[in-house]
Amino acid sequence: MSGDEVLREVYQGILDRSPEHDFEPTLDRVREVCDLLGHPERAYRVVHVTGTNGKTSTSRMIERLLREHGLRTGRFTSPHLTSVTERIAIDGEPVSAERFVELWQDVAPYVHMVDTRSLAAGGPRLSFFEVLTVMAFAAFADAPVDVAVIEVGLGGTWDATNVVDAEVAVITPISYDHERWLGHDLVDIAGEKAGILTDGATLVMAAQREEVDGVVLAAAAEHGVRVLREGVDLQVAGRRVAVGGQLLDLSTTGGLYTEVFLPLHGAHQASNSLLALAAAEAVLRDGGALSGELVEAAFADMHSPGRLEVVRSSPTVLVDAAHNPHGVEALVAGVRDAFSFERLVGVVGILEDKDAEQILAGLEPLLDEVVVTRSTSPRAHDVDDLALIATEVFGEDRVHAVERLDEAIALAVELSEGAAEGSPTGAGVLVTGSVTMAAEARTLFGRH
């Protein structure tokens with residue numbers, strides 16, 4: 001069997017466990033496996049990242065800054081776009097298929113021991129996400145890395161990653177998502193996220209709603225955490241749209257970094273870069289200034305796949321993984337900020353457990369027409385049902401329904417070009433609504 005075939009088999013085996021969006025409030029199983037492995041999660045420094053939106057982009061930025069400063073890095077993010085190997089990266093590169101299989105073989109005996117104990121006590125086996133978390137910890141200890149940037153899978157307090165003792169915690173904007181597991185109250189959700197704080201750590205936090213600030217700051221005080229807040233200690237002091245991205249002036253406790261080029265679009269990415277810079281300062285200089293040259297080099301090399309990503313030109317096709325109302329808000333602002341379409345057609349597929357009406361309502365002012373479709377995810381919303389919701393929001397004459405994603409994109413391209421008055425530059429297509437939509441669209445356009 002080829003490396004890829006073995007990887008597929010191993011991945012399928014891990015997938016057969018309870019899915020990552022199934023959520024059980026206990027860290028016991030992960031702790032037990034880590035204990036049997038000799039605590040790989042304690043072998044390096046940790047930056048722990050939570051929040052509702054912007055976690056992956058921010059994690060990628062922190063990792064890139066730390067690597068530019070000469071540290072060996074580990075990065076654990078989720079979900080993946082194309083291959084599960086993307087979730088575990090060493091020095092910015094996803095582990096190979098062969099290495100992923102080896103990592104599974106290394107931890108499997110210990111996972112099985114804990115599975116057996118748990119089943120005997122009437123509990124479940126380790127979940128899909130718990131297994132991947134343990135594999136990441138082992139990969140980073142084995143490399144070995146100097147620092148690991150670890151993104152929370154869901155929530156914070158009871159997330160499998162929360163067995164780490166992070167010296168720097170980052171909380172990106174908190175809003176509604178995964179309410180089924182985290183609660184329907186923003187205060188409850190904020191409490192879950194604040195669960196990653198450890199005694200004496202530094203917290204870097206995005207600007208939040210007042211009720212969120214209250215919860216997180218109370219938790220920070222309880223743990224003796226030093227807090228750096230966007231809008232108080234940290235500021236995007238200036239932001240100008242530039243060709244292929246934006247030029248930023250970023251003000252941190254370390255100083256003012258000017259004219260920093262970021263090849264990503266949208267005010268939300270400017271905020272993410274501010275948080276990343278403050279987190280890197282905390283790791284490298286205890287909050288002091290970094291070399292402007294190294295900061296510029298790191299940001300100039302940033303890419304965040306599936307985040308307002310241009311995958312084709314004439315017409316421009318954008319792919320974005322926005323999948324909740326707050327993500328859509330950032331997406332709409334980003335498109336308006338960086339692009340000037342005469343006519344923009346959306347290709348939208350949404351998962352069943354998401355607020356489809358809110359997502360579509362958020363996109364409505366931006367889109368001339370919408371083609372509703374679905375990804376191959378078993379959790380994808382039925383296309384006919386989605387078309388009914390879209391019709392309520394957009395009106396019947398602006399809604400099209402196509403079962404297959406490739407055909408939906410082809411129709412959207414046709415619709416966008418057909419009425420952009422012969423100007424291909426004014427025509428655009430936006431594929432969005434879920435991470436699986438973004439992933440499958442990228443694959444269709446040959447992005448890996």
Side-chain angles (χ1 to χ4, degrees), residues 46-59 61-62 149-159 161-162 164 166-179 181-237 239 248 250-254 266-283 286-287 322 324-330 333 355 358 362:
V46 173
V47 179
H48 206 182
V49 183
T50 191
T52 304
N53 291 307
K55 295 190 294 293
T56 299
S57 293
T58 305
S59 298
M61 290 175 187
I62 298 167
V149 182
I150 293 178
E151 178 190 333
V152 159
L154 186 65
T157 306
W158 300 113
D159 187 69
T161 62
N162 204 28
V164 298
E167 64 182 79
V168 178
V170 178
I171 300 183
T172 67
I174 293 174
S175 62
Y176 293 100
D177 200 3
H178 304 294
E179 292 95 323
W181 298 277
L182 303 180
H184 289 269
D185 185 326
L186 217 46
V187 167
D188 293 343
I189 295 171
E192 272 295 320
K193 310 280 187 193
I196 70 166
L197 298 180
T198 55
D199 293 349
T202 296
L203 166 64
V204 177
M205 181 161 73
Q208 307 284 1
R209 299 188 207 188
E210 206 177 316
E211 62 268 43
V212 169
D213 262 345
V215 173
V216 177
L217 293 175
E222 199 181 309
H223 288 284
V225 166
R226 176 174 70 142
V227 182
L228 302 172
R229 291 156 75 191
E230 181 185 10
V232 180
D233 315 278
L234 315 166
Q235 200 86 42
V236 176
R239 193 176 78 81
L248 307 175
L250 302 172
S251 171
T252 64
T253 52
H268 59 297
Q269 294 290 15
S271 292
N272 291 341
S273 63
L274 178 69
L275 302 181
L277 183 54
E281 284 181 343
V283 171
D286 201 23
N324 56 40
H326 182 264
V328 166
E329 208 177 294
D355 189 338
Q358 283 267 69

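Owing to the predicted nature of the structure, the values given are computational and were not obtained by experimental measurement. Computed over heavy atoms, backbone and side chain alike; hydrogens, waters and symmetry mates excluded.
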Can you confirm whether the side chains of [X] and [Y] place a donor and an acceptor under 3.5 Å from each other?
X: H48; Y: T161; value: yes
X: D355; Y: N324; value: no
X: E167; Y: T202; value: no
X: E151; Y: T56; value: yes

Checking L228, I171, L250, V204 against L275 for side chain to side chain contact (heavy atoms under 4.5 Å, CB included), the one that qualifies is V204
So which atom in [X] and which in [Y] form the shortest heavy-atom distance, rounded to 0.1 Å?
X: A276; Y: M61; value: CB-CB, 3.5 Å
X: S175; Y: R209; value: CB-NH2, 4.4 Å
X: A270; Y: R239; value: CB-CD, 3.5 Å
X: E230; Y: A206; value: OE1-CA, 3.4 Å
X: A190; Y: I174; value: CA-CD1, 4.1 Å

Closer than 3.5 angstrom, by distance alone: can the side chain of [X] be matched with the main-chain N or O of [Y] as a donor-acceptor pair?
X: N162; Y: G195; result: yes
X: T157; Y: E192; result: yes
X: T198; Y: A166; result: yes

Passes side-chain contact (heavy atoms from CB on, under 4.5 Å), L203 versus L197? Steps please.
-> CA-CA 8 Å; L203 166 64; L197 298 180; 4.0 Å; yes
Can we say D233 and R226 salt-bridge, meaning some charged N sits less than 4.0 Å from an Asp/Glu carboxylate O?
-> no
Below 4.5 Å, heavy atoms only, C-beta onward: do K193 and T52 meet side chain to side chain?
-> yes
Do T172 and N53 come close enough that some side-chain heavy atom pair is under 4.5 Å?
-> no
Distance, nearest 0.5 Å, that separates CD of E210 from CG of L186 | 12.0 Å
With sequence neighbours left out, the residues meeting side chain to side chain donor-acceptor pair (under 3.5 Å) with Q269 are S57, N272
For E211, which residues count as a side chain to side chain donor-acceptor pair (under 3.5 Å) partner, sequence neighbours excluded?
-> none
I would like to know whether V49 and I62 meet side-chain contact (heavy atoms from CB on, under 4.5 Å); could you show each step before the answer?
-> CA-CA 10 Å; V49 183; I62 298 167; 4.0 Å; yes
Show your reasoning for whether side-chain contact (heavy atoms from CB on, under 4.5 Å) applies to L234 and S251.
-> CA-CA 6 Å; L234 315 166; S251 171; over 6 Å; no
Using distance only, find each side-chain donor-acceptor pair of residues 213-220 under 3.5 Å and give its atom names and separation, not counting sequence neighbours.
unit_1 : atom_1 : unit_2 : atom_2 : d
D213   : OD2    : R229   : NH2    : 3.2

